Structures are given as C-alpha cells and as structure tokens.
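Reviewing the structure listed below.
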Amino acid sequence: MRDETVISARLLEWYDRHARDLPWRVGPAERAAGRIPDPYRVWLSEIMLQQTTVAAVAGYFHRFTARWPTVEALAAARDEDVMAEWAGLGYYARARNLLGCARAVAARGGFPTTRETLLTLPGIGPYTAAAISAIAHDSPETVVDGNVERVVARLFAVRTPLPAAKPELVRLAASLTPQRRAGDHAQAMMDLGATICTPRSPACGICPVVDLCRARALGIAAELPARAAKTPKPRREGIVWVGTTPDAALPAAILPAAVLLERRPARGLLGGTLAFPSTGWDGSDQGPPGDADWRELGKVRHVFTHFQLDLTVMAGVLMGQPRRGQLIAQSEFDPAALPSLMRKVWNRAKDQG
DNA sequence: AACCCGTGGGT
DNA sequence: TACCCAAGGGT
C-alpha cells in the first residue's frame, strides 16, 4: 500500500477517536450515521476561522447563529448590526463580504455545492471553497490551510520556505486526499496540526503517523515549515478624540450624555467599523472633530498585522456642534460594538475621564 | 506577486 | 518584551 494511503487511513482512524468537539462540527460518529452538516453553519464558521483561533470564534459563532439562524435571516440583516456583532473579531472585510455572500446566496436560493461555484462568492477563496465542499458535501477536494501546510511540510520534509513552497505543498496534500470521507480527512489534518503537529514542540510521541514522517526521521520536524524572513514592523503615531456632551440633568463630570463617533470608510483599515474620530495614523490628516478644551489622557498602544500604533487619546466636552461624526446617546452606546483598538481608547477615556 | 488587512493567546 | 501565528481573501 502507498504511504499516502496509509497516512490517510491512519488519520481517519485517529480522527474517529480524537476529533475535537466543536460547536459547528458534525463529529465522525454522527457523520457516519448520515447526519449532513448545515452548509450555512459550515460557511459561517469557516469565514470566522480565517486567520482566527477556535477559542476566539466560539462565542461569535453562537451569537451569530442565535441571532441569524439561517442564511436568509443573515441576508436580511442591517449592515450596522452585522458590523456591531462582528466587532472585536478583526479583519472587518470578512464581515462586509459575509453580508455580500449571504445576500448572493439567498438570492440564488441556497449555497452552491461545488468548489468552483463557491469560489465565485465574496469572501470565499481557495481554502474556504474546498473546505465547504469537502465538509458539507464530502466532495474529494483538497483543503489546505496553515495546519495542512505544516503537517505536509513535515511529513514530506519540504525545506523550501513559504510562501514559495505553497504549490508543492498543495500537490503533496492532494496526494493524501481520499475519495471517501474527504470532509473528515480535511478536519483530521487540521485537528492533527492544531493538537499534535503544532508549530513549536510538536507531540511526535503520540502522533498516529510518526513512523511515516520524514522530517521526524531527519530530526527537523520542529523547524518546518521554513518561512521567508519577515520585515520588521514599523511604528505609527496618531491622535484620537473622545468627545462628549454635558448632561442637562447631571453634573458633566459624572456622566456624559452623548459620545462623538463616526463610521469609518467602507474599505481599508477598520473599514466600515464604528470609531472615535482620529488622524495621522491611517493616511488621514484632520483636526479635532469639534471645539472643546481637549486634554491629553495618555497613549494607547495597538499592534496591527503590519505596523504598531501609538495613539494619543484626547478627551473633551464639546462646545457647540461637532464638525464631523455623529453623537450617540450614552444610553445607546455599546463599547462592545467597537473594534478592539477603539474599545481600548474608550476604556482609557472612561478610566481617566 | 506583494502588500494590505485585526486580534489575542502562547512562549 | 518581542515575536510567532491562527480553518486566508482581496487587490
């Protein structure tokens, strides 16, 4: 028997006993009994899991499915409600594409089943299209995420650095994909990568395919996959303004009646999210959003994918009409609807203001 | 093809 | 502290 066939059989056997129990997953026993996963839940989980950990996704998945149980319900949601529910999860283009995809799917009467057609929908790329097709329909597609790249690089001792190695890793991963149970195979590869074949100090001692791992034989498992050198992260600085209005019934120092916020441009950094007016760090160059006796509260540090940000927080009670943004009543303001950076800014202002 | 796009936990 | 990197996609 080919090594590839043995690896696939061993992985499925291992998965039958050790599959992670995840909220969006139909486990191997239920799957074998004929239970078909809901494509909506598979799709939603896959979008949320893009570059995002299982632990971070779980709560969001529960809230989304409770509020919008079907793709039709999600398609009918308001943009700002979806953005608010997504707030804190990051990569906000996913939320915009999520809605676009839901509306396209609702309009066409349901999710497509083939990888090729799934690929035409917004937010669905090569990984997600293959994953939905394999997991929800058991199509023999090859699913390659970061876990699979690592597992395959080690099994076949691929020393070429990523991302140049990607095409080779995809070919090798395809050589492992079985014709039956492709969905369970894909999830087994990812579970192995997440729990045993981990980036650092992999647990080779309990790996079901350790005897077939070439990197292990060479003693270089923990060193793979190799990656191209990363460029150092630059630092940016900017200013953010937390403007409030005085409450008519209470002393202004106790409780502000309204907070000045703005909707960021739909594309780009934190695109489409709710934010405090700011400048200087995202390509913008603007003054204070209104007149106030602005005072400095200190800095907030936040690390994005490609730069580190130090934002100086200014706070003040607005005098007259603000020049931009929208005043949100304190009673209707939910800090949880802000992206994490702006949540940090709010917490700083709340602590010191 | 290279760059842009969040966040949080682990080491 | 600093760095790694997660069920990637869009442009």
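For clarity, every value in this text was computed on a predicted model and none was experimentally measured. Below, read A as the first sequence line, B as the second, and so on, with proteins coming before strands; counting in each chain starts at 1.
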*To the nearest angstrom, how far is Arg236(A) atom CZ from dC5(B) atom P?*
7 Å
*Shared ILVMFWY cluster between Tyr92(A) and Val303(A), side chains joined below 4.5 angstrom?*
no
*asked:* What I want to check is whether an N or O donor and acceptor connect the side chain of Ser340(A) with the base of dG8(B) at under 3.5 Å.
replied: no
*Take atom CZ in Arg63(A); do more than 12 heavy atoms of anything else shown fall under 6.0 Å from it?*
yes
*Results of salt bridge (charged side-chain N to carboxylate O under 4.0 Å, His left out) for Asp184(A) - residues two or more places apart only*: Arg181(A)
_Categorize Val148(A) for me: base, sugar-phosphate, or nothing, with a 4.0 angstrom heavy-atom threshold over every strand shown._
nothing
*Classify the side-chain pair Thr117(A)/Thr120(A) by whether it contains a donor and acceptor separated by less than 3.5 Å.*
no
*Once you round it to whole Å, what is the distance between P of dT7(B) and CZ of Phe307(A)?*
10 Å
*Sugar-phosphate only, base, or nothing, as touched by Gly193(A) at under 4.0 Å among non-hydrogen atoms*: nothing
*Among dT7(B), dG8(C), dA7(C), find the nucleotide with the atom closest to the side chain of Leu270(A).*
dT7(B)
*asked:* Applying a 4.0 Å non-hydrogen cut-off, can you work out what Leu98(A) is touching in the nucleic acid: base, sugar-phosphate, or nothing?
replied: nothing
*Have Tyr127(A) and Gln50(A) got a donor and an acceptor in their side chains that come within less than 3.5 Å?*
no
*asked:* What residues from residues 151-180 of chain A pass a heavy-atom cutoff of under 4.0 Å to DNA chain B?
replied: none
Listed pairs, N/O of protein and of nucleotides 3-5 of chain C, under 3.5 Å:
from	atom 1	to	atom 2	distance (Å)
dC4(C)	OP1	Lys230(A)	NZ	2.4

_Using heavy-atom distances to pick each residue's nearest nucleotide on DNA chain B, tell me which of Leu89(A) and Ser201(A) is more 5'._
Leu89(A)
*How about Thr52(A) and Arg94(A): does a side-chain donor come under 3.5 Å of a side-chain acceptor?*
yes
*Can you tell me, in whole Å, how much space there is between the C1' of dC3(B) and that of dA7(C)?*
22 Å
All N/O pairs under 3.5 Å across the protein-nucleotides 9-11 of chain C interface:
from	atom 1	to	atom 2	distance (Å)
dG9(C)	OP1	Gly125(A)	N	2.9
dG9(C)	OP1	Gly125(A)	O	3.4
dG9(C)	OP1	Thr128(A)	N	2.9
dG9(C)	OP1	Thr128(A)	OG1	2.6
dG9(C)	OP2	Pro126(A)	N	3.4
dG9(C)	OP2	Tyr127(A)	N	3.2
dG10(C)	OP1	Gly123(A)	N	2.6

*asked:* With a 6.0 Å cut-off on the ring centroids, do Phe304(A) and His302(A) count as close?
replied: yes
*With a non-hydrogen cut-off below 4.0 angstrom, is Trp43(A) in contact with a base, only sugar-phosphate, or nothing?*
nothing
*Options dG6(B), dA6(C), dA7(C), nucleotide nearest the side-chain atoms of Thr53(A)*: dA6(C)
*asked:* For dT7(B) and Tyr92(A) - does any side-chain N or O of the residue sit under 4.0 Å from the phosphate oxygens OP1/OP2?
replied: yes
*Using ring-ring contact (aromatic ring centres under 6.0 Å, His included) as the criterion, point out the one residue from Trp86(A), Trp68(A), Trp24(A) that pairs with Phe61(A).*
Trp24(A)
_When you measure from the side-chain N and O atoms of His306(A) to the phosphate of dC4(B), is any distance below 4.0 Å, counting only OP1 and OP2?_
no
_Defining pairs by Watson-Crick or G-U wobble geometry with both distances under 3.5 Å, how would you list the stems of DNA chain C with at least three pairs each?_
B:2-5 with C:8-11, B:7-11 with C:2-6
*Separation of Leu309(A) atom CG from dT7(B) atom C1', in whole Å?*
14 Å
*Do you know which two heavy atoms are closest between Leu311(A) and Ile239(A), and how far apart they sit?*
CD1-N, 3.7 Å
_Atom-to-atom span, CH2 of Trp281(A) to C1' of dC5(B) - whole angstrom_ = 11 Å
*Closest approach of Ala130(A) to Glu141(A) (non-hydrogen atoms, all atoms of both residues)*: O-CB, 3.9 Å
*Residue Ala194(A), side-chain heavy atoms: nucleotide from dT7(B), dA7(C), dG6(B) that is nearest*: dA7(C)
*Separation of Arg25(A) atom CZ from dA7(C) atom P, in whole Å?*
11 Å
*How far, in whole Å, is dG9(C) from dG8(B) if one measures between their P atoms?*
22 Å
*asked:* Tell me the interatomic distance from Leu49(A), atom CG, to dG8(C), atom C1', rounded to whole angstroms.
replied: 11 Å
*Between C1' of dC4(B) and CZ of Arg264(A), the distance in whole Å*: 14 Å
*Quickly work out the Gln308(A) CD to dG6(B) P distance and round it to whole Å.*
17 Å
*Considering only dT7(B), dC5(B), dG8(C), which nucleotide approaches the side chain of Asp145(A) most closely?*
dG8(C)
*So how far is it from Leu162(A) CG to Leu169(A) CG, rounded to the nearest 0.5 Å?*
5.5 Å
*Would you say the side-chain atoms of Gln308(A) and Arg236(A) include a donor-acceptor pair closer than 3.5 Å?*
no
*What is the distance from atom CZ of Arg200(A) to atom CD of Glu223(A), rounded to the nearest 0.5 Å?*
11.5 Å
*For dG8(C), take OP1 and OP2 only and decide whether either is under 4.0 Å from a side-chain N or O of Gln51(A).*
yes
_Starting from Trp43(A), can I reach Leu119(A) by hopping between I/L/V/M/F/W/Y residues whose side chains sit under 4.5 Å apart?_
no
*Rounded to the nearest 0.5 Å, how far apart are CD1 of Ile132(A) and OG of Ser139(A)?*
11.5 Å
*asked:* Restricting to salt bridge (charged side-chain N to carboxylate O under 4.0 Å, His left out), what partner residues turn up for Glu296(A), sequence neighbours left out?
replied: none
